[in-house]
2 protein chains.
Amino acid sequence: MGFTKKHIFNTQQNQIANFTKMIGHPARVSIIQHISLNKNCNCNALVEAIGLAQPTISQHLSEIKKTGLLKQTVKGKNLFYSINQNKLNECRRLINDFFVKTQVNCCK
Amino acid sequence: MGFTKKHIFNTQQNQIANFTKMIGHPARVSIIQHISLNKNCNCNALVEAIGLAQPTISQHLSEIKKTGLLKQTVKGKNLFYSINQNKLNECRRLINDFFVKTQVNCCK
DNA sequence: AATATTAATCGTAATATTGCAATATCACTT
DNA sequence: AAGTGATATTGCAATATTACGATTAATATT
């Protein structure tokens with residue numbers, strides 16, 4: 001097969017999986033870290049910092065964008081990325097909630 | 001290609017990616033939730049509760065086990081799974097730290 | 001207008017993941 | 001020893017992911 005049977009899981013389970021899957025590649029971890037550390041971070045800056053080809057970085061960026069975690073600002077010919085803090089908080093809360101519930105349930 | 005160039009990333013980035021990738025499938029989210037909620041949860045119980053075939057559940061279990069998140073107890077012919085709390089805490093701290101740093105950095 | 005810069009998209013190859021049927025293994029029961 | 005139950009492994013098909021060269025599109029610069 002190769003596809004995921006998403007329909008047999010509930011919305012929350014799929015959301016948790018979507019967010020963690022998005023983070024689940026070291027290039028995307030690195031991209032998120034770089035963007036949060038550097039204002040005015042564009043695609044080229046990430047290509048140089050990380051060492052993957054430009055199309056590869058662009059592809060990873062679009063995976064992250066699909067979840068809504070990134071904002072874009074055009075300045076001249078540059079496209080600067082920044083973190084969408086609302087989405088970051090949503091993502092963080094969802095995942096943290098998963099950990100808290102797992103921990104509380106498993107030790108009672 | 002298809003493979004990940006792990007060597008160009010640091011240990012922490014790979015660790016974060018490994019843990020989040022392990023959680024990044026709704027079946028594995030569901031498996032972890034079930035195990036934490038039910039003491040004496042074995043493979044068959046998961047198969048019935050989730051609705052995927054036994055080999056599929058077994059495969060997802062082994063993905064989770066690879067990260068050390070599960071403990072096993074043999075009782076008769078049953079193999080009961082439970083959450084390794086130390087590993088859960090390690091995983092939670094690592095991911096939370098990633099979120100905290102991202103948040104602190106991006107809004108200063 | 002021609003050129004350079006920036007980033008997305010296309011096309012493709014290699015590899016990984018997801019899912020299941022069939023089978024194997026291993027422990028317990030009879 | 002044969003049978004049963006529980007789980008792991010094997011083998012395979014379908015799909016997804018990762019990576020990059022080539023190309024495209026869009027904007028800036030000269």
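Reminder, nothing fancy here: chain letters follow the sequence lines and each chain counts from 1. Predicted model, so just to flag it, every value in this text is computed and none were measured.
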Completion exercise
Whether each nucleotide of nucleotides 19-30 of chain C has a protein heavy atom under 4.0 Å at its base (B), only at its sugar-phosphate (S) or at neither (-) is summarised, 5' to 3', as BBBB----SS--

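- Looking at residues two or more places apart in sequence or on another chain, you find a salt bridge (Lys or Arg N to Asp or Glu O under 4.0 Å) between B:Lys66 and B:Glu63.
- Under 4.0 angstrom from either OP1 or OP2 of D:dG5 there lies no side-chain N or O belonging to B:Asn78.
- At least one side-chain nitrogen or oxygen of A:Lys65 sits closer than 4.0 Å to the OP1 or OP2 atom of C:dA8.
- The backbone N or O of A:Met22 lies less than 3.5 Å from a partner atom in the side chain of A:Arg28, making a donor-acceptor pair.
- With hydrogens and angles left out, the side-chain atoms of A:Asn105 and B:Gln33 include no donor and acceptor closer than 3.5 Å.
- Considering only side-chain N and O atoms, A:Asn44 lies under 4.0 angstrom from the phosphate OP1 or OP2 of C:dA7.
- Contact annotation: the side chain of A:Gln13 never approaches that of A:Lys6 to less than 4.5 Å [non-hydrogen atoms, C-beta and beyond].
- Atom pair B:Ile64:CD1 and D:dA8:C1' shows a separation of 15 Å (rounding to whole Å applied).
- Atom pair A:Ile8:CD1 and C:dT18:C1' shows a separation of 12 Å (rounding to whole Å applied).
- OP1 or OP2 of D:dA8 sits under 4.0 Å from a side-chain N or O of B:Ser58.
- Within the 4.0 Å cut-off from OP1 or OP2 of C:dA8, at least one side-chain nitrogen or oxygen of A:Tyr81 is found.
- Distance A:Ile35 CD1 to C:dA7 C1': 13 Å, rounded to the nearest Å.
- In this structure, B:Phe80 atom CZ and D:dG5 atom P are separated by 16 Å, rounded to whole Å.
- As rounded to whole Å, 16 Å separates atom P of C:dT18 from atom NE2 of A:His7.
- Taking atom CG of A:Leu61 as the reference point, atom C1' of C:dA7 lies 10 Å away to the nearest angstrom.
- In this entry the distance linking CD of A:Glu63 with P of C:dA8 reads 13 Å, nearest Å.
- A:Leu52 is listed as a side-chain neighbour of B:Ile8, based on a closest heavy-atom distance under 4.5 Å.
- By the side chain to side chain donor-acceptor pair (under 3.5 Å) test, B:Asn78 pairs with B:Asn42, sequence neighbours left out.
- Between B:Leu70 atom CG and D:dA8 atom C1' there is a gap of 15 Å when expressed in whole angstrom units.
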Practice task
Carefully, step by step, assess A:Arg93 and A:Glu90 under the rule salt bridge (Lys or Arg N to Asp or Glu O under 4.0 Å).
Solution key: CA-CA 5 Å; A:Arg93 248 180 280 122; A:Glu90 182 190 333; over 6 Å; no

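- With a 3.5 Å ceiling on both atom-pair distances, the Watson-Crick or G-U wobble partner of D:dC12 is C:dG19.
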